[in-house]
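Quick notes on the structure that follows.
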Amino acid sequence: MSIRASVVSMVLKHTIRKQMSTFEEPAALREQMSRSTGKPPADVTVKPVSVDGVPAEWLAAEGAAEDAALLYLHGGGYVFGGPDSHRDVAARLAKETKLRVLLIDYRLAPEHPFPAAVEDATTAYRFLLAEGYPPERLLLAGDSAGGGLAMALMVNLKDLELPLPRAAALISPWVDMTLLAESLLGNADKDVMLSPEAINRFATHYLKGQDPRSPLASPLHADLAGMPPVYVVVGSTEVLLSDSESLVAKLTEAGSDAELVVWPKMPHAFPVLSSLIPEGRQAIGNIGAFLAARL
């Protein structure tokens with residue numbers, strides 16, 4: 001772990017972790033958390049767009065391919081986050097992949113509980129198909145809740161008999177809302193950003209009493225046969241480590257090409273912190289290489 005990553009982890013432990021574990025109203029958490037982690041590079045253009053009613057942004061670097069796109073789904077426990085907080089990571093992926101990246105501002109809980117986020121992600125994917133992007137030239141990526149949402153989207157696409165994207169890259173995905181994952185307690189004192197209390201609060205607001213084992217809320221419990229190649233990045237001390245491990249194991253068992261990369265002692269969704277830590281930038285480079293290679 002770099003010195004910078006150590007410092008950032010210490011700051012996260014004494015600020016962000018506490019805020020996410022003790023918040024009472026999601027609106028207050030949004031005000032604290034939904035801030036940019038860095039300005040997008042000057043050579044990446046940002047263009048607002050309405051995706052059949054879902055607010056979104058197109059991000060593109062110079063020389064971006066016109067016949068392929070990456071749909072990015074942001075994290076935030078389904079209760080906060082948006083373009084402001086994830087524009088930097090989307091822009092970095094736009095540069096690494098040389099693709100246009102569609103970053104959507106899906107509806108958040110508790111005002112819009114499950115399955116609103118899945119509906120908005122599906123609307124965005126249908127939009128890309130309608131725009132003429134072939135499914136074999138479409139990619140998915142997402143972090144934390146957005147990583148789980150990316151998996152839920154693919155499960156929903158399969159259920160709807162729509163073509164799946166070429167591949168997906170997931171950063172610390174949250175794919176199991178049963179709150180029974182081993183690392184949820186095993187890493188409770190090691191994770192510098194998330195806690196079991198925070199995960200429980202997010203799940204309560206998102207599910208609003210619905211079944212936590214629903215395949216579109218917890219895609220770990222879905223039929224994962226026929227999924228495209230999936231690349232998963234996670235930190236070794238995360239409370240969501242088991243989600244990543246179990247997901248890759250189940251994908252592999254179902255016959256899919258799935259790869260898990262566990263980074264020692266990295267904060268939750270650390271590639272999103274690329275503007276702050278060098279390990280995040282390296283991980284983004286690896287994710288970009290994986291996605292670009294699939295095209």
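Scope of the values below: all heavy atoms of this structure, side chains included, with no hydrogens, waters or symmetry mates.
Once rounded to the nearest 0.5 Å, the distance linking CG of Leu240 with CD of Glu245 reads 11.5 Å. Residue Phe290 holds its CZ atom at 8.5 Å from OH of Tyr231, rounded to the nearest 0.5 Å. Summarising the geometry, atom CZ belonging to Arg92 is positioned 6.0 Å from atom OG belonging to Ser275; distances are rounded to the nearest 0.5 Å.
Ring geometry for Phe202 against Phe80 counts as tilted: the plane angle lies between 30° and 60°, on a 0 to 90° scale. Ring orientation note: the planes of His86 and Tyr72 are tilted relative to one another, at an angle of 30° to 60°. Between Trp58 and Phe127, the two ring planes are tilted [angle within 30° to 60°].
With Asp243 contributing its side chain and Val175 its backbone, the two residues share a donor-acceptor pair below 3.5 Å. No side-chain donor-acceptor contact under 3.5 Å links Arg213 to the backbone of Ser218. Not a single donor-acceptor pair under 3.5 Å links the side chain of Ser244 to the backbone N or O of Val234. Under a 3.5 Å cut-off, the side chain of Ser183 and the backbone N or O of Gly186 do not form any donor-acceptor pair. Judged purely by atom type and a 3.5 angstrom limit, Lys95 has no side-chain atom pairing as donor or acceptor with the backbone of Val44. No donor-acceptor pair under 3.5 Å is formed between the side chain of Asp176 and the backbone N or O of Leu220. Arg166 places no side-chain N or O within donor-acceptor distance of the main-chain N or O of Pro228, the cut-off being under 3.5 Å. Side-chain atoms of Ser236 do not come within 3.5 Å of backbone N or O of Val262 as any donor-acceptor pair. Side-chain atoms of Arg281 come within 3.5 Å of backbone N or O of Ser274 as a donor-acceptor pair. The backbone N or O of Asp43 sits nowhere less than 3.5 Å from a side-chain atom of Glu62 that would complete a donor-acceptor pair.
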* **Step-by-step side chain to side chain contact (heavy atoms under 4.5 Å, CB included) determination, Leu128 to Leu102** => CA-CA 9 Å; Leu128 291 171; Leu102 184 64; 3.9 Å; yes
(request) Verify side chain to side chain contact (heavy atoms under 4.5 Å, CB included) between Met193 and Glu238, making sure each step is shown before the conclusion. (result) CA-CA 8 Å; Met193 186 180 295; Glu238 293 194 44; over 6 Å; no
Discussion item. For Tyr106 and Thr123: C-alpha separation, side-chain torsions, deciding distance, then whether side chain to side chain contact (heavy atoms under 4.5 Å, CB included) applies.
Written reply: CA-CA 10 Å; Tyr106 59 83; Thr123 295; over 6 Å; no
Do Leu251 and Val232 pass the side chain to side chain contact (heavy atoms under 4.5 Å, CB included) test, and can you show the C-alpha distance, the side-chain angles, and the key distance before you say yes or no? CA-CA 11 Å; Leu251 284 167; Val232 181; 5.6 Å; no
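Of all the heavy atoms in Ala145 and Tyr78, the pair that sits closest is O-OH, 3.2 Å. The two residues Lys265 and Met1 have their closest heavy-atom pair at O-CE, 2.5 Å. Nearest heavy atom pair, residue Ala152 against residue Val118, reads CB-CG2, 4.2 Å. When all heavy atoms of Pro113 and Pro110 are compared, the pair lying nearest together is CD-O, 3.5 Å. Residues Phe114 and Gln210 come closest through the heavy atom pair O-NE2, 2.7 Å. Arg4 and Pro278 make their closest contact through CD-CD, 4.1 Å (heavy atoms, listed as atom of the first residue, atom of the second, distance).
Other residues, nucleotides and ligands contribute at most 12 non-hydrogen atoms within 6.0 Å of the CD atom of Glu253. Other residues, nucleotides and ligands contribute more than 12 heavy atoms inside 6.0 Å of the CD atom of Glu111. Other residues, nucleotides and ligands place more than 12 heavy atoms under 6.0 Å from the CG atom of Leu160.
Two different hydrophobic clusters hold Val11 and Leu194 under the rule that ILVMFWY side chains link at heavy-atom gaps under 4.5 Å. Connection of Val8 to Met10 is not established within any shared hydrophobic cluster, with ILVMFWY side chains joined at heavy-atom distances below 4.5 Å, either directly or through further cluster members. Val239 and Leu185 are members of different hydrophobic clusters when ILVMFWY side chains are connected at heavy-atom separations under 4.5 Å. Put simply, Val192 and Val7 are part of two different groups of oily side chains (I, L, V, M, F, W, Y) that touch within less than 4.5 Å, one to the next. Hydrophobic clustering (ILVMFWY, side-chain heavy atoms < 4.5 Å, transitive): Leu71 and Val49 are in one cluster.
Two residues are said to be in side-chain contact when any heavy atoms from C-beta on lie closer than 4.5 Å; Val79 and Leu108 fail this criterion. Under the 4.5 Å side-chain criterion, counting only non-hydrogen atoms from C-beta, His221 is in contact with Thr178. Two residues are said to be in side-chain contact when any heavy atoms from C-beta on lie closer than 4.5 Å; Leu216 and Val155 meet this criterion. Residues Arg126 and Asp52 are not in side-chain contact: their nearest non-hydrogen atoms beyond the backbone lie 4.5 Å or more apart. Arg294 places none of its side-chain heavy atoms less than 4.5 Å from the side chain of Leu291. Inter-residue side-chain proximity for Lys18 and Ser21 is flagged as unmet; no heavy-atom pair is nearer than 4.5 Å. Within the 4.5 Å cutoff, no side-chain heavy atoms of Met20 are placed close to those of Ser195. Side-chain contact check for Asp191 versus Leu241: every heavy-atom pair is 4.5 Å or farther apart.
Remark: His205 engages Phe23 in a ring-ring contact (aromatic ring centres under 6.0 Å, His included) (not counting sequence neighbours). Judged as a side chain to side chain contact (heavy atoms under 4.5 Å, CB included), and not counting sequence neighbours, the contacts of Lys190 are Asn187, Thr237.
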